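Keep in mind the model is a prediction, meaning the values are calculated, not measured. Both counts, for ligands and for their atoms, begin at 1 and track the order of listing.
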Amino acid sequence: MPRTSSRSAGVPQQLGFDGMPERLFVCTPSKLGSFADCPRRYRYSYVDRPSPSKGPPWAHNSLGASVHTALKNWYAVPAARRAAASLPTLLKTTWVREGYRDVDLERVAYRKALGWLDTYVAGLDPQEEPLGVERVVATKTSVLAFNGRADRIDGRDGEAVIVDYKTGRTGLDADDARGSQALALYAYAAQRVFRRPCHKVELHHLPTGTVAAHEHTEESLARQVTRAEETARDIMAAEKAVAAGADPDDEFPTNPGSLCSWCDFRKSCPAGKEMAAKEPWAAVEHLERA
Ligand code: SF4
């Protein structure tokens, strides 16, 4: 299991042992999530990268990036030109080809993605201008300097709403939206950036056309921020221990599990080598059968 905040319990939050303020931990949601999922993966990603440092280009990442960029560009054109007829051009322009088994699977994925986008934009008001599209929001606490890029931030009834696009195989429910630390941190930061309330977070799953939503309270946002701060303290404690001579393998332990088969560092990781590798296109092959 990933380490929790046990090592940071009782550690002063703002002052170092020499009485000087501790540096803030600069982070994104994926940096925090990486450590929470597997401390060793965090180390390989952010502390000392092994060689080779990259896994294969994953087809599901290519598909997700293509759809995300097409939706970003949808909002980049003037409202009067936001029409379904523009989608093939938008998607072709942004299409990422890497990772597919062959051109047949790539074509299937392209057609599916176009269908998802077609259905999705039919439910959008082309005249509606979001508060932000792929907008970076940033804020600080006594522990964190957080920044992250939200897919979309809507303005609805005087509030900001965080929208995150999803293109994975499985649908998502309200528990996924409620439990997402990334969405909560975006909401916490958006409140400060836009100076308006932001409690609602939404996961828009394009393959099923469903929206999983959760309405946070100030308390639930604060709880997620506290959890993020605990993770940040754990990371800083591990980095300090290594700097003081501790074994990096002990401070950043492996957390073997289903993620290993998809991990970019599987070949460099003693635990990952034991796990079966996935083909780069494994997560999109089901599209041929759908
Ligand atoms: S292969 Fe598994 S245990 Fe190793 S770094 Fe990746 S996720 Fe962690």
Side-chain angles (χ1 to χ4, degrees), residues 1-9 25-65 68 96 98-101 144 146-149 164-170 172 175-176 179-185 203 224 227-286:
M1 287 294 292
R3 175 173 42 207
T4 59
S5 61
S6 56
R7 71 163 55 235
S8 59
F25 184 72
V26 179
C27 63
T28 59
S30 59
K31 197 170 177 183
L32 293 168
S34 172
F35 187 84
D37 286 343
C38 174
R40 182 65 57 85
R41 190 164 70 166
Y42 173 92
R43 176 184 147 204
Y44 289 157
S45 300
Y46 300 103
V47 183
D48 55 296
R49 293 182 80 85
S51 182
S53 63
K54 284 297 286 174
W58 299 100
H60 56 281
N61 287 345
S62 295
L63 179 59
H68 277 71
V96 181
E98 293 182 320
Y100 292 98
R101 183 195 62 220
L144 296 174
F146 166 83
N147 72 86
R149 190 182 297 273
D164 196 37
Y165 305 129
K166 293 289 177 193
T167 56
R169 179 174 187 170
T170 48
L172 300 148
D175 282 346
D176 297 302
S180 168
Q181 184 178 77
L183 292 183
L185 291 174
L203 295 166
Q224 290 278 17
R227 275 184 43 214
E229 290 178 332
E230 288 169 355
T231 303
R233 288 198 198 97
D234 284 345
I235 296 170
M236 289 191 286
E239 289 178 347
K240 265 188 195 166
V242 171
D247 185 344
D249 285 356
D250 293 338
E251 297 304 315
F252 294 94
T254 58
N255 182 30
S258 58
L259 283 178
C260 296
S261 298
W262 308 95
C263 178
D264 281 345
F265 306 108
R266 200 183 61 77
K267 286 186 180 159
S268 306
C269 172
K273 279 180 188 154
E274 309 293 317
M275 312 296 273
K278 295 280 186 191
E279 298 288 5
W281 52 85
V284 301
E285 267 186 320
H286 69 280

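Salt bridge Asp249/Arg43: present, at least one basic N to carboxylate O contact under 4.0 Å. Here Asp176 does not pair with Lys166 in a salt bridge; the nearest charged N to carboxylate O distance is not below 4.0 Å.
Among the atoms of Cys38, none of the N, O or S atoms falls under 2.8 Å from atom 2 (Fe) of ligand 1.
Atoms of ligand 1 lying under 4.0 Å from any heavy atom of Gly272, numbered from 1 in the order shown and given with element: 1 (S). Every atom of ligand 1 is numbered from 1 in the order shown, and the set under 4.0 Å from a heavy atom of Thr254 is 3 (S).
Aromatic rings from His60 and Trp281 are positioned such that their centres are separated by 6.0 Å or more.
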- Task: Quick one: do Glu279 and Arg101 satisfy salt bridge (Lys or Arg N to Asp or Glu O under 4.0 Å)? Show the steps, please.
- Result: CA-CA 8 Å; Glu279 298 288 5; Arg101 183 195 62 220; over 6 Å; no
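Ranking protein heavy atoms by distance to atom 2 (Fe) of ligand 1, first place goes to Cys260 SG, 2.3 Å. Closest to atom 6 (Fe) of ligand 1, if we only count protein heavy atoms, is Cys263 SG, 2.4 Å. The protein non-hydrogen atom at the shortest distance from atom 4 (Fe) of ligand 1 is Cys269 SG, 2.3 Å. For atom 5 (S) of ligand 1, the nearest protein heavy atom (residue, atom name, distance) is Arg41 N, 3.6 Å.
No cation-pi contact links Lys31 to Tyr42, judged by a cut-off of 6.0 Å to the six-membered ring centre and 45° from its axis.
Proximity of Asn255 to ligand 1, defined as any heavy-atom pair under 4.0 Å, is confined to the backbone N, CA, C and O atoms.
Taking both residues in full, the closest heavy atoms of Val242 and Pro248 are given as CG2-CA, 3.8 Å, listed atom of the first, atom of the second, then distance.
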